[in-house]
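The chains referred to below are lettered A, B, ... by the order of the sequence lines, with proteins before strands, and numbering in each begins at 1.
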There are 2 protein chains.
Amino acid sequence: MATIRDVAKHAGVSVATVSRVINETGYVHEDTRRKVETAIRELHYTPNEVARSLYKRKSRLIGLLLPDITNPFFPELARGVEDEMQANDFRIIFGNSDENRKKEKDYIQTFVQNNVVGVIASTNHPDNDTYRKLDIPVVFLDRTADNRPSVYSDGREGGRIAAQEMLSRGSRKITVIKGPKHIRPAQDRYQGAIDVLSNEGIAFNVIQTSSYSFTEAGTWAKELFEKHPDTDGVIASNDIVATAVLHEALRLGKKVPDDVQIIGFDDIPLSTLLTPSLTTIRQPAYDMGRAAASLLIQLIENENVDNKTIQMPVTFTERDTTRKVEQHG
Amino acid sequence: MATIRDVAKHAGVSVATVSRVINETGYVHEDTRRKVETAIRELHYTPNEVARSLYKRKSRLIGLLLPDITNPFFPELARGVEDEMQANDFRIIFGNSDENRKKEKDYIQTFVQNNVVGVIASTNHPDNDTYRKLDIPVVFLDRTADNRPSVYSDGREGGRIAAQEMLSRGSRKITVIKGPKHIRPAQDRYQGAIDVLSNEGIAFNVIQTSSYSFTEAGTWAKELFEKHPDTDGVIASNDIVATAVLHEALRLGKKVPDDVQIIGFDDIPLSTLLTPSLTTIRQPAYDMGRAAASLLIQLIENENVDNKTIQMPVTFTERDTTRKVEQHG
DNA sequence: TTGTATGCGTTATCAT
DNA sequence: ATGATAACGCATACAA
């Protein structure tokens, strides 16, 4: 690899001059500029980011910490972050936390050791010292904490909508699937749903789950229909679980949505392609990723950011696992 | 952030000594070691990886370039890579190439600028200078090139198996969905399938597609049944497309697998949860990711690697979009 | 067993 | 308009 010294020698100038043309800083004569540029081209020189990073005490790297890229919701987020970062010449160091505090901490530490200029994290413990003591900007994604920069959607509201739509479509023996205890958005959704159900005085059953894993989802779906065979409406903790429930319902010969209605959460790309296609509470994952990246960049560049916590809309996305409600007027 | 100098001062020793205890290199008296360790703890010191990287001209970073993390096959790969790398204290700089050469080149360049010690890439142009001229190890993942380190599965064989199983289950009006022209594994699968079909003298139709995107998949599925309504067997280019085909077939009132059989490719996690669940040619994505990471690490550590190109098995994974074949014996 | 000094490739300050 | 040089934080060769 050619260094700035090689270029300087090759062009017959000093390293300072080369640095000036690279960074377009300070004066440099047109002729020498051209000489330097030629040298750069001939030697295929590209600046060493590590040396830059060391000197400036900041890099063009950001850290992205997501729970599990294997859950189809997160690739959308990640892609949004990446596209926005890429467009602004930032690169991403990526890690999966598995919602595990130790992993989380370890990753944040190595992010810092690598001089990242900011981090985007999807964590259930935003108030932990791991984040509070960081002296680089952090944006929480798909999670939030009072007054800290974050991009998320209102899980509670989503849960409420799900319950309302379920009720207005006639289900009365509702089972709510409660997502993992330690995952914040999962609890919000659950709370929102049971708020509405309780208010309306509707009895409901609950299935407690402990992960979003594909393999376990099927187990919970089975458990659901074994324990509560007369269920006529399922509010799932996310689309993966909803998909498993749909699968199990059909396997048991139930008609969806006639016998059982199902509402999922997230709107992962595959939801449309299920049969019947999945009604769900949509979060605009890709846009959330982009927004988080964009917010982080503003923070990094020290711009005055007026709106540090961005709440994205959750939207009821009606498809075919729920019945049509009659139109009035 | 505390530096090695701060630690040295705080412990009343020189930076060299601190460095020795950190790296467990050279002699250091038990007492001074303890002093240093205490200082490290008290100052919450962690070594600056950037400075290390600059001095040693190598980091603990590797570059991972995947086509599109939004395609459910790739998160599995990525996760495999990440887990193995994480276990060996390497971190990942991640990028999506969109199978686009310019993006690919740009990413590889910034990888190099950041002193990565190796890269894992899923590219259709492994013979490009971008890779040939790299002086760090590269492992190709889900792709291969003669004699270069790679982890992949035999797409052609997969295509053959798909066609054979389709035939042995009685389909005779087969439509093969041909994946994007510029994606190598897609072409391999296609070739494998038509090899068998041609050999057996079976006529078949082809639907040409240009991406693996979720949104377009539905379009091709529609096109398929419009152009070739009498199709009784579909060999899809991957599971996403297969899912769209299944969806469309059911929408048209066809019975699957009685009227139409469908075989996908990849075995993405959702395949099991479709109804009917998807028969597919499985690639062990997670294991491929781990294997690639493991291979790269060996290459980085300069070990003698006997088997540089690892071919993983493709396996016919029979589920419910194909008919059962009778058991003999 | 420990310390001093040098260099990794940049950028920026200060001369010239 | 250009060049010499210090400094970023660390690891190592060499000296002590």
(request) Kindly say if B/Tyr45 contacts the phosphate of D/dC10, meaning a side-chain N or O under 4.0 Å from OP1 or OP2. (result) yes
(message) With a 4.0 Å limit, can you tell me whether A/Thr17 has a side-chain N or O closer than that to the phosphate oxygens OP1/OP2 of D/dA1?
(response) no
(request) Name the closest nucleotide to the A/Tyr55 side chain, picking from D/dT2, D/dC10, C/dT11. (result) C/dT11
(message) Could you tell me how far apart B/Asn23 (CG) and D/dG9 (C1') are, to the nearest whole angstrom?
(response) 13 Å
(message) Applying side-chain hydrogen bond (donor to acceptor under 3.5 Å, both in side chains) to B/Thr144 and B/Ser150, what does each step give before you reach the verdict?
(response) CA-CA 5 Å; B/Thr144 189; B/Ser150 49; 2.8 Å; yes
(message) Nearest to the B/Leu54 side chain among D/dG9, C/dT10, D/dT2, which nucleotide is it?
(response) D/dG9
(message) In this structure, how many angstroms lie between the C1' atom of D/dG9 and the CG atom of B/Leu43, rounded?
(response) 15 Å
(request) Provide, to the nearest angstrom, the distance between the CZ atom belonging to A/Arg34 and the P atom belonging to D/dT2. (result) 12 Å
(message) Between P on D/dC14 and CZ on B/Arg20, what's the gap in Å once rounded to a whole number?
(response) 14 Å
(request) Could you check how far CG of A/Asn114 sits from C1' of D/dG9, rounded to whole Å? (result) 13 Å
(request) Starting at atom NZ of A/Lys56, determine the distance to atom P of D/dG9, rounded to an integer number of angstrom. (result) 15 Å
(request) May I ask you to verify if any side-chain N or O of B/Asn48 is less than 4.0 angstrom from the OP1 or OP2 atom of D/dC8? (result) no
(message) Distance check needed: C/dT6 P versus B/Ile4 CD1, whole Å only.
(response) 18 Å
(message) Side chain of A/Ser14, heavy atoms from C-beta onward: which of C/dT4, C/dG9, D/dA4 has the nearest atom to it?
(response) D/dA4
(message) Strictly below 4.0 Å: does A/Thr32 bring a side-chain N or O up to OP1 or OP2 of D/dT2?
(response) yes
(message) Starting the side chain at C-beta, find the nucleotide from C/dT10, C/dG3, C/dT1 nearest to B/His29.
(response) C/dT1
(request) Before accepting this row, confirm whether a basic side-chain N of the pair A/Arg79/B/Asp68 lies closer than 4.0 Å to the acidic partner's carboxylate O. (result) yes
(message) Could you check whether any side-chain heavy atom of A/Thr130 comes within less than 4.5 Å of a side-chain heavy atom of A/Thr123, counting everything from C-beta outward?
(response) no
(request) Among the candidates D/dA1, D/dG3, D/dA13, find the nucleotide nearest to the side-chain atoms of A/Val13. (result) D/dG3
(request) Scan residues 50-95 of chain B for pairs that pass ring pair (Phe, Tyr, Trp, His ring centres under 6.0 Å), counting only residues two or more places apart or in two chains. (result) none
(message) Does either side chain, that of B/Arg91 or that of A/Thr110, offer a donor lying less than 3.5 Å from an acceptor on the other one?
(response) yes
(message) Using the side-chain heavy atoms of B/Arg57, tell me which of these nucleotides is nearest: D/dG9, D/dT5, C/dC8.
(response) C/dC8
(request) Check every atom of D/dG9, D/dA4, C/dT11 against the side chain of B/Thr3 and return the nucleotide holding the closest atom. (result) D/dG9
